[in-house]
Amino acid sequence: MEETDQAIIAALTVDGRLSYTDLAEKVGLSVSAVHQRVRRLEQRGVIKGYAAQVSFEALDLPLTAFVAIRPFDPSQPDDAPERLAHLPEIDSCYSVAGEDFYLLLLRVAGPADLERVLQEIRTSANVTTRTTVVLSTPYEHRAPKVTLDPANQHRLRGVSAE
């Protein structure tokens, strides 16, 4: 991927609400050139969308947990994501390698809700669970690493090179 596109992605990952004017200033292009590049990145599926990052604590969902699941019978159909899609407490579902089949990210109000959701997961998907409760989150949703050519870095303002 072209270096300027990487810089655009890095800047938008840090602040998805940047105006085209501010983004153009950061990457050293005209506003129309940045607009075209962003549109192409969206069309190619590199930029999949824009979303608000919310405080789960402010939404009364302060407890975060990771739940590893595996079926009681590994020969059963691999349809756990479909069986669990109705549970709004599941923020994300990752297919993983290793002993477990999926890793779920849950956001709930407290221990009682976690216990209730775990029971629903076990019943709905016919799986065993292993739960890890998150104590704190030093960081998440970090910008992707962008490798910029040092020869061109001077023209890209406010975008850090790794």
Checklist entry - Which atom names give the shortest non-hydrogen contact between Ala109 and Asp113, and what distance separates them? => result CB-OD2, 3.0 Å
Checklist entry - Can you name the residues that form a salt bridge (charged side-chain N to carboxylate O under 4.0 Å, His left out) with Glu120, not counting sequence neighbours? => result Arg116
Item to check | Trace of the side-chain contact (heavy atoms from CB on, under 4.5 Å) decision for Val14 with Lys26 | outcome: CA-CA 12 Å; Val14 171; Lys26 282 189 177 291; over 6 Å; no
Item to check | Over all atoms of both residues, closest heavy-atom pair of Ala125 and Gln76 | outcome: O-NE2, 3.6 Å
Checklist outcome for this item: Heavy-atom closest pair (Ala24 atom, Val34 atom, distance to 0.1 Å) is CA-CG2, 3.4 Å
Next on the checklist: Less than 4.5 Å apart, side chain to side chain, heavy atoms only: is that true for Ile69 and Leu84?
Outcome noted: yes
Checklist outcome for this item: Sorted by chain and number, sequence neighbours left out, ring pair (Phe, Tyr, Trp, His ring centres under 6.0 Å) with Phe66 holds for none
Checklist entry - Where do Gly110 and Leu63 come nearest, in terms of heavy atoms and distance? => result C-CD1, 3.8 Å
Item to check | For Arg83, salt bridge (charged side-chain N to carboxylate O under 4.0 Å, His left out) partners two or more places apart | outcome: Asp79
Checklist entry - What's the verdict on side-chain contact (heavy atoms from CB on, under 4.5 Å) for Val38 and Leu12, showing C-alpha distance, side-chain angles and the deciding distance? => result CA-CA 10 Å; Val38 169; Leu12 288 174; 4.2 Å; yes
Please table the atom pairs, donor to acceptor, closer than 3.5 Å between any side-chain atom in residues 91-100 and protein atoms at least two apart or in another chain.
unit_1, atom_1, unit_2, atom_2, d
Glu99, OE1, Arg70, NH2, 3.3
Asp100, OD1, Arg70, NE, 3.2
Asp100, OD1, Arg70, NH2, 3.0
Asp100, OD2, Arg130, NH2, 2.2

Next on the checklist: Using side-chain heavy atoms (C-beta onward) and a distance below 4.5 Å, is Tyr20 in contact with Leu29?
Outcome noted: no
Checklist outcome for this item: The side-chain hydrogen bond (donor to acceptor under 3.5 Å, both in side chains) partners of Ser32 (sequence neighbours excluded) come to Ser30
Next on the checklist: Is any side-chain heavy atom of Leu114 closer than 4.5 Å to one of Val133?
Outcome noted: yes
Checklist entry - How about Thr131 and Leu106: do any of their side-chain heavy atoms sit closer than 4.5 Å? => result no
Item to check | Test salt bridge (charged side-chain N to carboxylate O under 4.0 Å, His left out) applied to Glu140 - qualifying residues, sequence neighbours left out | outcome: Arg107
Next on the checklist: Quick check on Glu115: does its CD atom have over 12 non-hydrogen neighbours (other residues, nucleotides or ligands) under 6.0 Å away?
Outcome noted: no
